[in-house]
Amino acid sequence: MSSRMSPRTPLRVSRLSPSRPAAAAAVFALALGLCAAPAHAEADHPFRDPSLPLQQRIDDLLGRLTLEEKVSWLHQYQPAVDRLGIGLFKTGTEALHGVAWSTDVDNGGNVVTAQGTVFPQAVGLASTWNPDLVRKVGSAVGDEARGYHSENPRVWGLQLWAPVVNLLRDPRWGRNEEGYSEDPLLTGAISTAYGRGIQGDDPDHLKAAPVLKHYMANNNEVRRDTTNSSLRPRVMNEYEIPAFKAAISADAATGVMTSYNLVNGRPATVTDLDSSVRRWTDRTLFNVSDANGPNNLTASQKYFATQPEAAAAMIKAGVDSFTVDNTDGGPTVASVNAALAQGLITEKDIDRTVGNILGVRFRLGEFDPDGGPYGKITKSVVDSPEHRRLNRQAATEAMVLLKNGGRTLPLEASKKVAVVGPLARTLYTDWYSGKLPYQVTPLDGIKERAAATVATEGADRIALKAGGRYITAGTGPGGDLRLSGTTAGEAEQFDVFDWGEGVVTLRSVANGKYVSRANWSTLANTQDQPTGWFVQEQFTLEAQADGSTLLRYAGYETAESWFGPNVYVRAAADGALSLTTAENATRFTKETVRSGIDEAVAAAKNADAAVVVVGSMPFINGREAHDRTDLDLAEGQEALVEAVHAANPNTVVVLENSYPTTIDRLAEKVPAILWTTHAGAETGHALADVLYGAANPAGRLTQTWPRAGTELPDILDYDIIKTGSTYLYSEDKPLYAFGHGLSYTTFGYQGLRATPRGDGFEVKVKVTNTGSRAGDEVVQLYTRQHSSRVEQPLRQLRGFERVHLAPGESKAVTFTLKKADLALWDVTRGRFAVEASAHDVLVGSASDRIHQRTTIRVGGERIPDRDLTRATRAADFDDYAGIELVDETKAAGDAVEAASGEWIAFSGADLGRGVTGITLGVAASAASSVEVRLGSPTGRLLGAVAVPATGGIYRWSTATAPLARVSGRHDVYLVARGDLRIKDLILTR
């Protein structure tokens with residue numbers, strides 16, 4: 001998330017309010033000691049000598065800080081230490097796809113938005129499948145972060161909260177636009193590239209410090225601070241961890257941000273980072289909490305009784321910085337001091353944490369006399385011509401040609417084109433975007449290429465009338481809407497844009513601004529685009545049985561418990577508009593001044609080709625705190641496309657959004673479909689480059705696009721193996737497969753060979769451009785294991801390379817497939833293991849377009865039968881039904897929580913010459929029991945273990961029972977009867 005937001009509470013409203021009194025800001029700043037400029041310090045302190053070893057400098061400065069000063073540095077705003085000449089250090093500048101925004105400590109924590117290079121959204125950057133390009137993008141972002149920092153280091157910190165590496169296992173996730181892929185290898189490669197670019201190439205210094213978000217298993221927004229991501233060991237170790245480990249182990253990131261959710265019953269804010277993330281690198285990591293995460297521990301999560309307990313647990317877990325209470329470090333300081341006083345932590349714990357912070361601050365050059373090798377970068381780099389060119393390249397390479405029937409594309413420049421659709425003449429930014437310094441819209445880009453254009457947004461233009469008067473908007477900058485107009489002039493007219501599920505936005509014809517409830521009272525036409533934490537530009541037009549229309553306000557805050565029932569618009573006698581209940585709402589007559597579809601059809605008929613630009617509005621169609629309920633294109637937009645196509649069969653659909661979309665009907669009808677994310681200021685140029693063939697599209701999908709009607713698992717179920725999710729395990733036939741993307745040329749594959757080399761294989765294939773245009777092919781390597789103790793992926797990406805080939809040119813593409821890459825997590829022994837098996841080696845242009853295949857024999861081991869006569873963790877089951885993985889203690893360990901009828905199974909247990917008893921580690925609030933069965937949850941009953949109430953879920957005890965003697969090899973099932981937790985088991989002879 002961010003420094004400016006906290007989940008679930010409406011307090012964020014006052015936090016963002018620009019009208020917050022300046023006096024309050026001063027109080028916050030004075031309390032932290034941030035207002036005074038650092039005093040001159042002795043230049044000869046060893047910590048300021050860059051020739052000394054880093055650890056020596058850290059130790060010197062750490063030894064000069066008082067305990068009070070060290071504790072104060074655990075808050076997001078680390079105050080100045082004037083006596084040492086040390087200034088404020090602020091964590092967390094947002095930089096997901098360009099420098100986006102930060103918060104101003106001198107202005108009450110209000111948001112300051114950057115106006116620089118906004119690159120394509122993260123999922124778009126990944127769709128380039130080009131780590132070299134993404135590294136250049138990261139470098140540009142690092143440069144611009146330095147540029148802003150040089151102008152105001154108190155606002156623009158150099159710890160950048162990016163990239164987001166959460167896996168895109170469910171396309172309904174509201175933050176899909178922020179991630180890279182459903183695949184951990186691709187996610188790891190792109191995040192590593194972006195992080196390396198941000199950091200720069202100096203081995204000892206950082207241009208900026210990237211922090212990976214959000215550790216871990218954070219892929220739902222619904223109840224995101226209280227939901228539990230239940231991760232069985234294989235999903236944890238084979239899927240979730242690799243996405244984060246790649247960049248950390250490559251030293252391409254300097255820390256992680258903990259996520260809001262619980263992981264196996266324990267809040268991620270206190271999940272042990274020292275025994276996981278910090279073991280992946282020898283570099284010092286500087287880890288942070290997500291905004292308000294520390295307070296969630298005692299509030300929504302109720303995991304600790306007091307804030308000192310929570311603070312101590314965070315520090316012990318390896319979290320170094322508390323992102324909480326906006327600019328006010330006072331509560332953090334108080335809770336940490338109380339934890340010290342209560343003996344929950346020691347000064348040694350504080351020193352370790354501050355040492356982690358300093359490890360990154362020193363590498364940023366903060367304590368070097370000249371600011372280090374990146375200290376001379378200035379604001380001149382922001383939105384530079386070089387960055388504009390790079391942005392255009394990134395936006396171009398990110399575009400994915402989904403369909404191109406009858407060689408509809410590329411278009412001929414000599415033809416007249418109708419440019420149609422709600423996104424044709426606008427560019428939208430998102431929650432983690434900066435401001436666009438300029439805009440090249442799709443229409444702008446096409447107009448530069450086409451001989452002639454005719455354009456329309458295809459939006460209905462309406463007026464709303466009641467009692468002989470029309471709703472009238474303000475002119476100029478806009479103002480309050482009133483029911484006052486007697487005729488339907490421009491001030492009474494509104495363009496209606498459909499974003500799906502009945503939600504529309506209303507743009508005033510009077511001034512081109514959107515109707516909003518931004519002042520929290522009446523309605524006004526004052527907003528350039530829908531925006532804000534609570535998106536107050538959302539409405540529905542509800543047709544009534546009597547032919548009238550109710551205007552309902554549908555802003556995100558209406559779902560909050562504090563909002564109340566008043567969501568319908570009522571006009572008072574004097575024309576003032578307010579919100580009321582449905583029964584008291586004004587019934588309007590909706591007059592259609594102009595039909596958007598009729599206008600679009602007329603334009604299409606008057607052109608040689610039509611380009612219809614449709615898609616999403618990033619602040620409306622799912623985003624932080626709001627998941628999608630479906631993946632459909634808005635009904636009105638789909639109807640627009642169908643009408644234009646009926647009028648002009650030579651129709652191209654440009655789909656501009658950031659998630660898989662169920663466009664089955666359009667995919668059947670229209671000849672060409674091109675997909676792009678919201679791609680920044682150069683969108684129009686990039687789009688025109690592709691549409692007219694100046695660039696040959698080579699973007700590839702990083703997610704599976706399901707067909708309409710595909711039943712997706714519960715968004716809270718993270719077990720991709722059990723649910724058969726993602727391209728790895730799904731047997732559903734997708735609309736577009738993982739890795740899909742077309743080109744204007746064709747490619748041939750020949751001569752695949754997989755040759756043993758060292759501890760692995762060299763995989764080589766020849767790729768030839770068999771068409772008439774130069775182009776890029778993304779060569780993708782997959783494997784599939786033939787036999788295994790466990791269910792294996794249907795196919796799994798093992799490597800990829802984007803190669804450029806001239807017509808007729810060939811290139812040998814070589815991959816290194818390490819034997820260790822083929823390992824699975826063996827739950828019987830708690831480690832990775834490579835099984836002896838044959839593997840298919842598959843090379844192609846998408847996961848469903850394999851052009852060459854061969855088979856290799858991989859030497860490995862046979863995973864032995866389970867030995868349940870040794871202590872076995874319950875969480876290391878092989879199969880289950882209904883259970884949830886939870887925390888054994890608040891500090892460490894996983895356990896199984898089961899309700900009556902739920903079960904876990906342990907496959908292939910060798911019971912030897914016989915077992916006659918069982919001992920369980922259990923915890924229960926009430927008496928219950930566990931049945932021990934063979935073969936299935938209803939199979940042969942060996943016995944039942946009575947589990948007494950232990951006094952609570954963390955009060956562990958042992959429960960034993962005799963079993964009917966059984967020997968040999970069996971699948972053993974533990975079936976709960978009643979509610980309980982199980983941490984381990986052992987069968988006795």
Side-chain angles (χ1 to χ4, degrees), residues 120 124 127-128 389 391-427 439-458 600 603-604 606-615 637 640-641 644-645 647-657 663 666-667 669-701 736 740-745 771-776:
S127 71
T128 66
R389 287 191 293 271
N391 198 14
R392 182 171 181 168
Q393 180 186 358
T396 302
E397 291 198 20
M399 293 189 179
V400 181
L401 183 60
L402 297 177
K403 180 183 179 183
N404 192 24
R407 296 186 178 181
T408 302
L409 292 176
L411 299 173
E412 296 180 30
S414 61
K415 303 297 185 181
K416 184 177 182 180
V417 178
V419 186
V420 176
L423 281 81
R425 54 175 60 167
T426 189
L427 298 179
Q439 292 190 34
V440 183
T441 68
L443 176 59
D444 294 333
I446 293 170
K447 286 176 71 173
E448 292 178 8
R449 300 273 185 171
T453 59
V454 56
T456 173
E457 292 171 300
N606 191 32
D608 299 304
V611 175
V612 189
V613 190
V614 294
Q637 294 188 35
L640 175 68
V641 173
V644 169
H645 177 251
N648 188 331
N650 193 26
T651 291
V652 178
V653 171
V654 175
L655 180 60
E656 187 176 337
N657 66 8
I663 53 170
L666 298 186
K669 295 179 179 180
V670 298
I673 304 174
L674 184 68
W675 175 79
T676 176
T677 58
H678 298 279
E682 288 290 334
T683 298
H685 280 149
L687 177 61
D689 287 344
V690 172
L691 290 176
Y692 285 92
N696 194 341
R700 299 291 185 265
L701 296 179
Y736 298 115
H740 173 79
L742 305 178
S743 171
Y744 294 154
T745 190
S772 59
R773 290 176 178 265
D776 290 3

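Just the heavy atoms: all of them, side chains too, but no hydrogens, waters or symmetry mates, feed the values below. Just so it is clear, the structure is predicted and the values come from calculations on it, not from any experiment.
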Q | With sequence neighbours excluded, residues passing side chain to side chain contact (heavy atoms under 4.5 Å, CB included) with A774 | A | H804, P807
**Q.** salt bridge (Lys or Arg N to Asp or Glu O under 4.0 Å) contacts in which one or both residues fall within residues 670-679, not counting sequence neighbours
**A.** none
Q. Should L411 and V611 count as side-chain neighbours, where that means a heavy-atom distance under 4.5 Å?
A. yes
(Q) Using a 3.5 Å distance criterion without hydrogens, assess whether the side chain of E682 forms a donor-acceptor pair with backbone atoms of R389. (A) no
Q: Check whether any side-chain heavy atom of Y736 sits under 4.5 Å from a side-chain heavy atom of V400, and report yes or no.
A: no
Q: Under the side-chain hydrogen bond (donor to acceptor under 3.5 Å, both in side chains) rule, collect the residues that match up with T441, sequence neighbours excluded.
A: D444
Q. With a 4.5 Å heavy-atom cut-off, do R449 and P410 have their side chains touching?
A. no
Q | For E397, salt bridge (Lys or Arg N to Asp or Glu O under 4.0 Å) partners two or more places apart | A | R802
Q | Inter-residue atom distance E656.CD - T426.OG1, 0.5 Å rounding | A | 9.0 Å
**Q.** Heavy-atom closest pair, residues V644 and A610
**A.** CG1-CB, 3.6 Å
Q | Nearest heavy atoms of V454 and A603, plus distance in Å | A | CG1-O, 3.7 Å
**Q.** Non-hydrogen atoms of A398 and S127 that approach each other most closely
**A.** O-OG, 2.7 Å
Q. Which value, rounded to the nearest 0.5 Å, describes the distance between T683 atom OG1 and L427 atom CG?
A. 5.0 Å
Q. Which residues satisfy the side-chain hydrogen bond (donor to acceptor under 3.5 Å, both in side chains) test with T453, sequence neighbours excluded?
A. none
Q: Hey, could you give me each pair passing salt bridge (Lys or Arg N to Asp or Glu O under 4.0 Å) that has a residue in residues 400-425? Not counting sequence neighbours.
A: none
**Q.** Heavy-atom pair with the smallest gap, counting every atom of N696 and Y744
**A.** OD1-N, 2.8 Å
Q | Within-4.5 Å side-chain heavy-atom neighbours: I663 and W675 | A | no
Q: Check side chain to side chain contact (heavy atoms under 4.5 Å, CB included) between N650 and all other residues, then give those that pass, not counting sequence neighbours.
A: T408, A609, N648
Q: Only counting residues at least two apart or in another chain, list the ones meeting salt bridge (Lys or Arg N to Asp or Glu O under 4.0 Å) with E457.
A: R507
**Q.** For the student: nearest non-hydrogen atoms of L401 and H740, plus distance
**A.** O-NE2, 4.1 Å
**Q.** N391 side chain reached by P120 side chain, heavy atoms, under 4.5 Å
**A.** yes
Q. Considering residues at least two apart in sequence or located in another chain, which fulfil the side chain to side chain contact (heavy atoms under 4.5 Å, CB included) criterion with A695?
A. T396, D689, V690
Q.
Can you list everything that forms a side chain to side chain contact (heavy atoms under 4.5 Å, CB included) with E448? Sequence neighbours excluded, please.
A. H685
Q: Taking the side chain as every heavy atom from C-beta outward, state whether L423 and H678 have any atom pair closer than 4.5 Å.
A: yes
Q. Picking from L402, L687, V653, L655, what satisfies side-chain contact (heavy atoms from CB on, under 4.5 Å) with L674?
A. L687
Q. Is the closest side-chain heavy-atom distance between P422 and V614 below 4.5 Å?
A. yes
Q | Which atom of I446 lies closest to which atom of A688, heavy atoms considered | A | N-CB, 4.1 Å
(Q) Return the CD1 to CG distance between I673 and L409, rounded to the nearest 0.5 Å. (A) 10.5 Å
Q: Check whether any side-chain N or O of T456 sits under 3.5 Å from a backbone N or O of A600 as a donor-acceptor pair, and report yes or no.
A: no
